[in-house]
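Structure record follows, encoded as structure tokens.
Both counts, for ligands and for their atoms, begin at 1 and track the order of listing. In this text the structure is predicted, and so the values were computed from the model without any measurement. Below, all heavy atoms of this structure are taken into account, side chains as well, without hydrogens, waters or symmetry copies.
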Amino acid sequence: MTFTRKDFPDDFLFGAATSSYQIEGHAQGGAGLTEWDTFARTPGNVLNADDGARACDHYNRWPEDLDLMKEANFDVYRFSTSWARVMPEGTGAVNQEGLDFYDRLVDGMLERGLKPAATLYHWELPVTLADRGGWRNREITEWFAGFTEVVMKRLGDRVWSAAPINEPWCVGWLSHFLGFHAPGLRDIRATAHAMHHVMLGHGRSLEVMRGLGMKNLGAVCNFEYATPVDDSPEAQKAAKLYDGYYNRFFLSGLFNRAYPADVMEGLGPHMPKGYEKDFDIISKPLDWLGLNYYTRKIIAPNDGPWPSHEEAPGPLPKTSMDWEIFPEGLHAFLKRTHDAYTRGLPLYVTENGMANYDKVSGGKVNDQARIDYLNAHVAKVRQAIDEGIPVKGYFTWSLMDNYEWSRGYDQRFGLVHVDFSSLQRTPKASYHAMKAALAR
Ligand code: FCB
């Protein structure tokens, strides 16, 4: 790496992130069926119809995985708790075995000197709740508050930080407008409802955690930089709107008590009635904001219905996801978020990393491209700190290769290679580089 821990303030934290459905092996331990299980079983949704039934078998191999975290000299581990594992029906009965699993996991982190950074929901909605409309149904905000209470009554005394929901844009837009993620809807009204309910669910969950006396609570949003395809006013407007529903919608809701006017031009008529009254709950004070960042998109106007634009190919080098590598975007989001929304609140980069077609050869994985990617992005974090932006930590996605949603097991984001037949873990060159950079 071109950086070491010593280049950062003493209290700056380095971590890696994972999520439950992507690594645990959801067929084990009494977990309920999730909407990803049924989405994956429907032809055309997921590459090879892969699902998370076995994944990395982290459910059994977690001690080895936490050892890998510790041996890489990471300070903090960002993990998530599966709703369907803890409450197989979504409400009501608790699967004690599931709760015990997370209890052991948190203790396992503490024993290894790792800070547990919990995310309550990283997309594995119990099918029973999907049957009742999932995020389209306002009642989900109470179901989610109930799940929060069950999990945090057990773990809340030991987690270092907690956030209710991973990436509200993916829950709202990607899953209900673009249809790329479960439940695979493509409907503007479903989108408007889900976008709002995910924000309200965030707020209710936060209230529950505050009520339990928990500290260090935040939100994790994803950000994608939008570049206009050319300098025409139409292209500028298209890119601005993309930025609106992708990035500003959630920041405005959390910090400005309103949704952006340009986004409401399209979503407004489809919003749940009386949504404006929910901002007291949505915009409850946070202790930090987490930014997930990977790439940018080139946006071109078109004649279709709102939002009347499409993605155009970009010229920059790409990862195996076909995502352009654009570290400047990370700096731009840290700066704008601080200047225009959070104004002094601690910021964390809660996900950043790249997929690469990594291969094991002679027991090693040469992923120099990932080392370069991480170096370029960490340098942007360093630049932001130099400018006085309070960035307090950086998490790479991901500790290990895992179930990459609609891309199945084809896309490898890990610092550690996983052979999905033998489940053998092989630290890649990027893991060794990170370990050396983070040595104390
Ligand atoms: C993020 C998700 C994470 C993973 C990475 C590549 O949007 O939070 O689960 O899929 O992208």
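For Glu35 and Thr38, the side-chain atoms include no donor-acceptor pair closer than 3.5 Å.
Ring centroid separation for the pair Tyr409 and Phe420 comes in under the 6.0 Å cut-off. Tyr348 and Tyr394 have their aromatic ring centers separated by at least 6.0 angstrom. Aromatic pair Tyr245/Trp169: ring centres not closer than 6.0 Å.
Ligand 1 lies less than 4.0 angstrom from a heavy atom belonging to His122.
For atom 6 (C) of ligand 1, the nearest non-hydrogen atom from the set Phe413, Tyr21, Trp169, Trp123 comes from Phe413.
Separation of atoms OG1 (Thr396) and CZ (Arg78) is listed at 11.5 Å; rounding is to 0.5 Å.
If you check which protein heavy atom lies closest to atom 10 (O) of ligand 1, you get Glu404 OE1, 2.8 Å. Among protein heavy atoms, atom 7 (O) of ligand 1 sits closest to Glu167 OE1, 2.5 Å. Looking only at protein heavy atoms, the nearest one to atom 1 (C) of ligand 1 is Glu351 OE1, 3.1 Å. Protein heavy atom at the shortest distance from atom 5 (C) of ligand 1 is Tyr294 OH, 3.3 Å.
Where the criterion is an N or O separation shorter than 3.5 Å, residue side chain and backbone included, Ser19 fails it with respect to ligand 1. The shortest N or O to N or O distance between Asn292 and ligand 1 is not under 3.5 Å.
By the 6.0 Å and 45° rule, Arg382 stacks over the aromatic ring of Phe8. Cation-pi check for Arg186 over Phe177 is not met; the charged atom does not lie both under 6.0 angstrom from the ring centroid and within 45 degrees of its normal.
Residue Asn166 has at least one heavy-atom neighbour below 4.0 Å for each of these atoms of ligand 1: 8 (O). Interface of Gln22 with ligand 1, defined as ligand atoms under 4.0 Å from a residue heavy atom, comprises 3 (C), 4 (C), 9 (O), 10 (O).
Remark: Tyr21 OH is packed, more than 12 non-hydrogen atoms of other residues, nucleotides or ligands lying under 6.0 Å away.
Residue-level proximity to ligand 1 for Asn222 is absent, since no heavy atom of it falls below 4.0 angstrom.
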